[in-house]
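Read through the structure below, which is laid out as structure tokens, and then see the notes.
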Amino acid sequence: MRKYVIAGNWKMNNTPAQTRALIEEMKPLVADAKCDVVICAPYVDLAAAVEAAEGSNIAIGAENLHWAEKGAFTGEISAEMLKAVGVKYVIIGHSERRQYFGETDLTVNARLKAALAAGLIPIVCVGETLEERELGITVETVARQTKIALKDIDAAAAKGVIIAYEPVWAIGTGKVATDDQANEVNGAIRGVLADIYDKATADEMVIQYGGSMNAGNAAGLLAKEHIDGGLIGGASLKAQDFAVIVKAASK
Ligand code: PEP
């Protein structure tokens with residue numbers, strides 16, 4: 001049985017003070033969750049988030065990391081720095097980073113190796129653009145992204161990697177993939193994982209769906225065989241909505 005993981009991605013929202021207030025609001029609402037609950041916040045909010053979440057069932061994640069241990073990389077943050085402030089999870093290869101900040105499949109692979117080496121739990125995002133879906137290359141696209149992300153990572157380490165299927169056309173647009181569309185691609189990703197590793201490994205790995213998941217549509221998506229949780233953008237900025245999603249994953 002795979003344990004569901006519900007992770008919020010706050011993107012570029014909230015100051016440290018707002019972070020503390022929102023986490024305090026969320027804590028009692030998700031206290032009885034039967035899934036893993038994660039909030040991924042901007043770098044400058046991480047210390048406040050870790051402090052506010054202490055003693056609760058909310059784990060804190062970052063939204064990116066650099067692959068190098070240290071050095072002349074102005075503006076970047078290493079895995080060791082994240083670990084030092086108490087971060088447990090890290091998002092890698094979000095489509096907004098691929099689209100606006102030059103993230104490639106190879107840099108995703110480099111970041112993933114750094115995260116695993118440091119003992120962070122990575123959430124690796126894959127997903128097709130609208131153009132790729134219309135060209136009928138959705139599965140090829142996510143297969144390529146998944147294979148390159150996991151290059152040189154063995155089965156034992158891969159079991160600790162979370163994959164988030166996030167169709168780019170569904171992120172922040174209000175256009176959610178249907179339950180069946182999402183499940184079909186998540187199932188295809190599980191097939192790719194079985195090809196790279198073996199069926200047992202693939203069956204253990206958590207594959208989330210992300211893209212306009214909200215309080216109204218989460219239960220339907222999460223009921224599907226291959227959807228093991230969600231990566232939630234907009235709805236994770238509202239404590240009540242996020243709590244409804246956590247509840248839907250707590251069956
Ligand atoms: C995301 O940022 O990963 C995301 C899924 O955003 P939203 O839920 O707002 O579509």
Side-chain angles (χ1 to χ4, degrees), residues 4-14 18-19 22 26 30 35-43 45-46 49 58-65 87 89-101 103 108 111-112 115 121-130 132-133 138 141-142 145-146 149 161-179 181-183 185-186 189 206-222 224 226-249:
Y4 285 8
V5 181
I6 298 295
N9 172 18
W10 282 0
K11 311 192 186 195
M12 197 172 72
N13 290 290
N14 292 326
Q18 290 165 335
T19 295
L22 186 48
M26 283 178 172
V30 302
C35 60
D36 290 339
V37 182
V38 185
I39 290 294
C40 298
Y43 290 135
D45 295 331
L46 290 173
I58 301 177
I60 303 303
E63 299 175 11
N64 193 17
L65 84 169
V87 164
Y89 288 77
V90 61
I91 297 172
I92 297 174
H94 191 280
S95 66
E96 287 152 14
R97 300 226 49 96
R98 293 179 191 255
Q99 200 176 343
Y100 306 129
F101 302 102
E103 188 79 72
V108 167
R111 290 183 212 275
L112 179 54
I121 302 173
I123 301 175
V124 176
C125 302
V126 299
E128 83 286 7
T129 60
L130 183 60
E132 287 162 338
R133 175 160 283 266
T138 294
T141 301
V142 298
Q145 292 170 332
T146 304
V161 175
I162 297 170
I163 306 283
Y165 166 54
E166 298 208 303
V168 178
W169 48 271
I171 297 179
T173 58
K175 275 187 217 154
V176 64
T178 66
D179 303 349
Q181 274 176 330
N183 188 52
V185 181
N186 277 34
I189 293 169
V206 169
I207 308 177
Q208 299 173 316
Y209 167 78
S212 298
M213 191 187 269
N214 60 36
N217 60 30
L221 288 158
L222 293 167
K224 290 289 173 183
H226 293 292
I227 302 179
D228 311 318
L231 184 56
I232 326 290
S236 73
L237 295 167
K238 297 176 210 123
Q240 297 284 351
D241 288 14
F242 188 65
V244 171
I245 299 171
V246 167
K247 197 162 187 194

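As the structure lists them, so they are numbered: ligands from 1, and atoms in each ligand from 1.
Nearest heavy-atom pair across Ile92 and Pro122 is CD1-CB, 3.9 Å. In terms of heavy-atom proximity, Ala170 sits nearest to Ser212 at O-OG, 2.7 Å. Summarising the geometry of Leu46 relative to Ala41, their closest heavy-atom pair is CD2-O, 3.6 Å, with the distance given to 0.1 Å. Shown here for Lys11 and Glu63, the closest heavy-atom pair between the two residues is O-OE2, 2.9 Å.
In this structure, the side chains of Gln181 and Arg133 come closer than 4.5 Å at one or more pairs of heavy atoms.
Atom CE of Met26 and atom CG of Asp241 lie 9.5 Å apart (nearest 0.5 Å).
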Pairs under 3.5 Å, N/O atoms on ligand 1 and on the protein: can you put them in a table with the distances?
| from | atom 1 | to | atom 2 | distance (Å) |
| --- | --- | --- | --- | --- |
| ligand 1 | 2 (O) | Asn9 | ND2 | 3.1 |
| ligand 1 | 2 (O) | Lys11 | NZ | 2.8 |
| ligand 1 | 2 (O) | His94 | NE2 | 2.9 |
| ligand 1 | 3 (O) | His94 | NE2 | 2.9 |
| ligand 1 | 3 (O) | Glu166 | OE1 | 3.0 |
| ligand 1 | 3 (O) | Glu166 | OE2 | 2.7 |
| ligand 1 | 6 (O) | Lys11 | NZ | 3.3 |
| ligand 1 | 6 (O) | Gly233 | N | 3.4 |
| ligand 1 | 8 (O) | Ser212 | N | 3.4 |
| ligand 1 | 8 (O) | Gly233 | N | 2.8 |
| ligand 1 | 9 (O) | Gly234 | N | 2.9 |
| ligand 1 | 10 (O) | Gly172 | N | 2.7 |
| ligand 1 | 10 (O) | Ser212 | N | 2.7 |

